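Heads up: the structure comes next, in C-alpha cells.
In this text the structure is predicted, and so the values were computed from the model without any measurement.
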Amino acid sequence: MDGGRYNQRLERRIATRFNGGEDLHLLTQDNKGERILNLRLFREAPSKQGHTGYTKKGFYLYREEVLLLRDALNDLLLDGGLDSPSVQEVPDTLEGTE
C-alpha cells in the first residue's frame, strides 16, 4: 500500500473465521494532524457481484478511543465473556440514552 494522500499504512491483517472470505485490516492514517486507526473488512473471496477489496464495513478511532477499545477487550477476555455461550437478554434501549 503506497499510503496515498492520507499516508495510510496497513499495520495488521487478521483472518476471520466468522466472516469467511474476509480479513480484518488494521490501518493507520493521517487525519487533521493526528494519526487515527481505521478498522476495515477486506474481501478476499469475490462477492456475488465479483467485488474484492474493502467492504463498506469499518470505522475510525482516535488514539483515546483505541485505548478504551483495548481496555474493553482485555476486560472481556479476563472476565471469560468469550469462553462459553450463554443466553443473555439485550435491553431495548442503551443505558443512559433515555
Side-chain angles (χ1 to χ4, degrees):
M1 191 173 292
D2 68 358
R5 71 179 197 194
Y6 297 107
N7 193 23
Q8 191 173 72
R9 185 173 62 231
L10 177 62
E11 304 291 349
R12 300 280 190 284
R13 180 179 306 188
I14 301 170
T16 62
R17 290 187 312 176
F18 188 81
N19 294 321
E22 295 177 344
D23 290 344
L24 176 63
H25 282 194
L26 283 70
L27 305 114
T28 57
Q29 68 184 61
D30 295 336
N31 182 44
K32 298 179 183 177
E34 292 186 57
R35 221 43 205 157
I36 61 171
L37 178 67
N38 181 357
L39 299 173
R40 298 289 303 274
L41 281 179
F42 186 87
R43 182 182 296 280
E44 297 282 347
S47 67
K48 289 184 232 178
Q49 295 80 22
H51 173 74
T52 58
Y54 288 110
T55 68
K56 292 181 181 180
K57 302 172 192 172
F59 56 95
Y60 300 95
L61 296 173
Y62 287 101
R63 186 177 195 286
E64 300 81 20
E65 297 163 332
V66 172
L67 294 172
L68 291 171
L69 176 61
R70 178 204 59 194
D71 293 344
L73 291 171
N74 281 334
D75 290 345
L76 182 62
L77 290 169
L78 289 173
D79 293 343
L82 294 174
D83 291 337
S84 61
S86 63
V87 177
Q88 182 178 359
E89 291 290 321
V90 177
D92 291 335
T93 59
L94 298 175
E95 292 179 29
T97 59
E98 298 174 26

Could you state the interatomic distance from CD (Q8) to CG (D30), rounded to the nearest 0.5 Å? 10.0 Å
Parallel under 30°, tilted from 30 to 60°, perpendicular over 60°: which one fits the rings of H25 and F42? parallel
Specify the closest pair of heavy atoms between H51 and R43, including all atoms of both residues, with the distance to one decimal. O-CD, 2.9 Å
Could you give the distance from OG1 (T16) to CG (L24), rounded to the nearest 0.5 Å? 7.5 Å
By side chain to side chain contact (heavy atoms under 4.5 Å, CB included), R70 pairs with (sequence neighbours left out) L67, N74
Co-membership, hydrophobic cluster, residues I14 and L76, 4.5 Å side-chain: no
Listed partners of E11 passing salt bridge (charged side-chain N to carboxylate O under 4.0 Å, His left out), at least two apart: R9
Please output the side-chain donor-acceptor pairs of residues 55-64 that fall under 3.5 Å, not counting sequence neighbours, one pair per line with the distance.
{"residue": "T55", "atom": "OG1", "partner": "L41", "partner atom": "O", "Å": "3.4"}
{"residue": "T55", "atom": "OG1", "partner": "K57", "partner atom": "N", "Å": "3.1"}
{"residue": "Y62", "atom": "OH", "partner": "N31", "partner atom": "ND2", "Å": "3.3"}

Please lay out, stage by stage, how L37 and L27 fare under the test side chain to side chain contact (heavy atoms under 4.5 Å, CB included). CA-CA 6 Å; L37 178 67; L27 305 114; over 6 Å; no
Between CG of L69 and CG of L39, what distance do you get to the nearest 0.5 Å? 7.0 Å
Nearest-0.5 Å distance, CG of residue L68 to CG of residue L73: 11.0 Å
Measure from the side-chain N and O atoms of R35 to the backbone N and O of T28, and report whether any donor-acceptor pair falls under 3.5 Å. yes
